[in-house]
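In what follows, a structure is listed as structure tokens, so that the remarks can point back to it.
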Amino acid sequence: LVVYDSSQHRLIVVNSQQPVMINSTTATILDNGNLVLRAPGGNTVWQSFDYPTYVWLQGMKLGIFQSSTRVLTSKPSFEQPASTLGVDSNNTKEIIIVQYGSMYWRSGIWNGQNFSFLEFSDNFGLKFHYVSNPNETYFTWNSSTDPFVFFMFSESANITVSSGDFTNFQTLAVCDVIDYRTRKDQS
């Protein structure tokens with residue numbers, strides 16, 4: 001992806017290994033935030049949802065695909081290295097956080113409705129979807145109440161869901177969930 005300003009100065013280059021013809025390629029930002037490059041005829045040649053960062057937008061897929069794995073990656077800080085949030089390759093019906101190469105947290109098994117250790121307020125209208133076939137296994141989600149709701153994966157490995165206008169948010173402090181589960185298991 002090469003982006004030019006109005007004076008034709010190159011601003012950014014993404015994925016220079018897969019060149020496309022700029023003169024005949026269109027770029028569109030979809031309502032869900034996905035930046036899509038399309039060749040003539042409408043074929044998608046590149047899309048930002050295939051390269052997630054630390055934000056999980058509605059319709060974005062996190063999972064295991066034939067040629068790649070899509071995970072969220074937290075921004076590293078001085079005290080905390082980057083962590084990843086994605087589908088567990090050993091149990092694809094579960095989302096995990098990996099820190100220092102080891103599983104740090106897990107969502108609990110997806111039962112078709114929710115995860116046992118991942119609970120968010122109903123006022124976000126969240127609906128998760130699980131897809132698994134020979135070519136791909138992934139989770140995606142949408143909101144029935146706010147088209148701009150998003151998840152953010154912080155440098156402290158917490159998961160925050162926020163309304164698009166930032167007036168309503170909820171943070172799942174993963175370390176609190178681990179402490180609660182440990183105390184509950186010891187009771």
Side-chain angles (χ1 to χ4, degrees), residues 1-4 10-76 80-112 114-115 117-118 126-143 147 149-155 157-161 174:
L1 168 66
V2 180
V3 177
Y4 295 91
R10 187 170 46 189
L11 298 176
I12 188 170
V13 176
V14 177
N15 197 6
S16 61
Q17 303 300 316
Q18 185 181 24
V20 296
M21 295 177 55
I22 298 299
N23 292 339
S24 58
T25 302
T26 61
T28 306
I29 297 179
L30 304 180
D31 289 342
N32 62 4
N34 191 10
L35 174 62
V36 179
L37 294 181
R38 290 194 176 103
N43 292 334
T44 298
V45 293
W46 185 91
Q47 62 178 340
S48 62
F49 274 23
D50 290 344
Y51 303 92
T53 57
Y54 60 93
V55 176
W56 192 7
L57 298 175
Q58 295 184 52
M60 185 182 282
K61 301 172 183 178
L62 292 185
I64 303 165
F65 302 85
Q66 281 187 330
S67 60
S68 67
T69 299
R70 293 184 205 150
V71 298
L72 296 184
T73 303
S74 68
K75 293 192 276 185
Q80 187 77 29
S83 302
T84 60
L85 181 145
V87 172
D88 184 352
S89 60
N90 296 314
N91 180 359
T92 60
K93 288 189 172 188
E94 189 167 50
I95 294 174
I96 62 170
I97 294 175
V98 174
Q99 283 185 338
Y100 302 105
S102 298
M103 183 172 35
Y104 175 71
W105 174 86
R106 61 190 188 95
S107 64
I109 303 296
W110 172 252
N111 66 13
N114 53 42
F115 299 95
F117 303 131
L118 185 62
L126 301 177
K127 175 80 172 146
F128 285 88
H129 309 277
Y130 175 73
V131 174
S132 184
N133 61 53
N135 298 320
E136 57 191 7
T137 299
Y138 64 87
F139 284 99
T140 187
W141 67 277
N142 65 346
S143 169
V149 170
F150 63 94
F151 283 92
M152 186 170 64
F153 184 47
S154 74
E155 60 272 359
N158 290 330
I159 304 166
T160 299
V161 61
V174 171

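- Annotation: side-chain hydrogen bond (donor to acceptor under 3.5 Å, both in side chains) contacts of Ser132 (sequence neighbours excluded): Thr137.
- Separating the CD1 atom in Ile95 from the CG atom in Leu62 is a distance of 7.0 Å, to the nearest 0.5 Å.
- Residues Pro52 and Leu72 share a closest heavy-atom pair of CB-CD2, 4.0 Å.
- Relative orientation of the Phe65 and Tyr138 rings is parallel, given thresholds of 30° and 60° on the angle between their planes.
- Aromatic ring pairs are classed by plane angle as parallel below 30°, tilted from 30° to 60° and perpendicular above 60°; the pair Trp110 and Phe139 is perpendicular.
- For Asn90, the side chain to side chain contact (heavy atoms under 4.5 Å, CB included) partners two or more places apart in sequence, or in a different chain, are Asp88.
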Practice task
Under the side-chain hydrogen bond (donor to acceptor under 3.5 Å, both in side chains) rule, what do Asn135 and Gln66 come out as? Steps first, then yes or no, please.
Solution key: CA-CA 6 Å; Asn135 298 320; Gln66 281 187 330; 2.7 Å; yes
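- Note on residues 32-45: pairs passing side-chain hydrogen bond (donor to acceptor under 3.5 Å, both in side chains), not counting sequence neighbours, are Asn34-Gln47, Asn34-Ser48.
- Met60 has its side chain out of reach of Val55: every pair of non-hydrogen atoms, C-beta onward, lies at least 4.5 Å apart.
- Proximity of Ser89 to Ile64: side-chain heavy atoms (C-beta onward) are separated by under 4.5 Å at one or more points.
- Side-chain contact check for Leu126 versus Phe151: some heavy-atom pair is nearer than 4.5 Å.
- Among residue pairs with one or both ends in residues 45-64, those qualifying as salt bridge (Lys or Arg N to Asp or Glu O under 4.0 Å) are Asp50-Arg70; sequence neighbours excluded.
- Shortest non-hydrogen contact noted between Gly59 and Phe49 is C-CE2, 3.7 Å.
- Atom CD1 in Ile96 sits 8.5 Å away from atom CG in Leu85 (nearest 0.5 Å).
- Closest non-hydrogen pair, Ala39 versus Val45, comes out as CB-CG1, 3.9 Å.
- Residues Tyr54 and Thr73 approach most closely at CB-O, 3.2 Å, considering heavy atoms.
- By the side chain to side chain contact (heavy atoms under 4.5 Å, CB included) test, Asp31 pairs with no residue at all, sequence neighbours left out.
- Annotation: side chain to side chain contact (heavy atoms under 4.5 Å, CB included) contacts of Ser83 (sequence neighbours excluded): Ser74, Gln80, Ile97, Gln99, Phe153, Ala157.
- Leu35 is listed as a side-chain neighbour of Trp46, based on a closest heavy-atom distance under 4.5 Å.
- Judged purely by atom type and a 3.5 angstrom limit, Glu136 has no side-chain atom pairing as donor or acceptor with the backbone of Val131.
- The closest side-chain heavy-atom distance from Thr92 to Tyr130 is below 4.5 Å.
- Rounding to the nearest 0.5 Å gives a distance of 11.5 Å between CD1 of Ile159 and CE of Met152.
- Side chain of Glu94 to main chain of Gly108: a donor-acceptor pair is present (N/O by atom type, distance under 3.5 Å, no hydrogens or angles).
- Side-chain rings of Trp105 and Phe117 stay apart, their centers remaining 6.0 Å or farther from each other.
- Looking only at side-chain heavy atoms (C-beta outward), Trp141 and Val149 come within less than 4.5 Å of each other.
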